[in-house]
Amino acid sequence: MAEVIDVSVVLSPSTATWGSEPVPVIERVSSIEAGDGFNLSRLALGVHTGTHIDAPSHLIDGAASVESLPLEALIGPVLVVDARNVAEEIDAELVERELSEGCERVLFATRSSELWDEVGFRSDFVGISPQAASLLVERGARLVGIDYLSVGELDTHRELLSHGVVLLEGLDLRGIEAGRYRLICLPLRIVGADGAPTRAVLTAL
Ligand SMILES: [Zn+2]
């Protein structure tokens, strides 16, 4: 059987969340121990919690929301780029060097994957510069992913989302070697939402 590599983070009340994002709540509303016939839990969380996607409506009012994202962008060949020696920001030079024309999906593995081991939100993650984002659009990217909780500043988000690029954030890419894989990413189909939690896995091409 082909190996399936999970690149999602676990969701729990201690999962680090962005400053303004609520902490995940997972609570039992029925429990066998308390005499109910079954266990049943309720989940409350921000839609940008853990491994998640950003829809265009996250930054552009009235733009496409999660339920209408094209599944073709979310499933298919993907290039994992090793950007672990980048200190602060993935720049256009790196994109120029690593990405060939027509590369539709790319994930940047950075030092930020290690931040998942820290307690609480960390702002010293590696993002993508707006210039690098423009080049990604030019090269034909349909999905751009990164470890930790954000692809970068608002201009980076806007550049990518305004061109219909799906953003996959909050990956854990520790131990994933650079190269080509197949990505399967299926965010929850929440009507009108600007983002959605997702499971994301890699398999051999
Ligand atoms: Zn997000």
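Each ligand, and each atom within it, is numbered from 1 in the order the structure gives. We use all heavy atoms of the structure for the numbers below, so side chains are in, but hydrogens, waters and symmetry mates are not.
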Do P56 and L69 touch side chain to side chain, with heavy atoms closer than 4.5 Å? yes
Selection residues 67-117 - residue pairs positive for ring pair (Phe, Tyr, Trp, His ring centres under 6.0 Å), sequence neighbours left out: W116-Y148
Any side-chain heavy-atom pair of N39 and E33 under 4.5 Å: no
Do any protein N, O or S atoms sit under 2.8 Å from the Zn ion (ligand 1), and which ones are they? H48 ND1, H52 NE2, D54 OD1, E169 OE1
For the residue pair T110 and D147, confirm or rule out a side-chain donor-acceptor distance under 3.5 Å. yes
Residue list, side-chain contact (heavy atoms from CB on, under 4.5 Å) with S68, at least two apart or on another chain: A64
With sequence neighbours excluded, tell me which residues meet ring-ring contact (aromatic ring centres under 6.0 Å, His included) with H157. H58
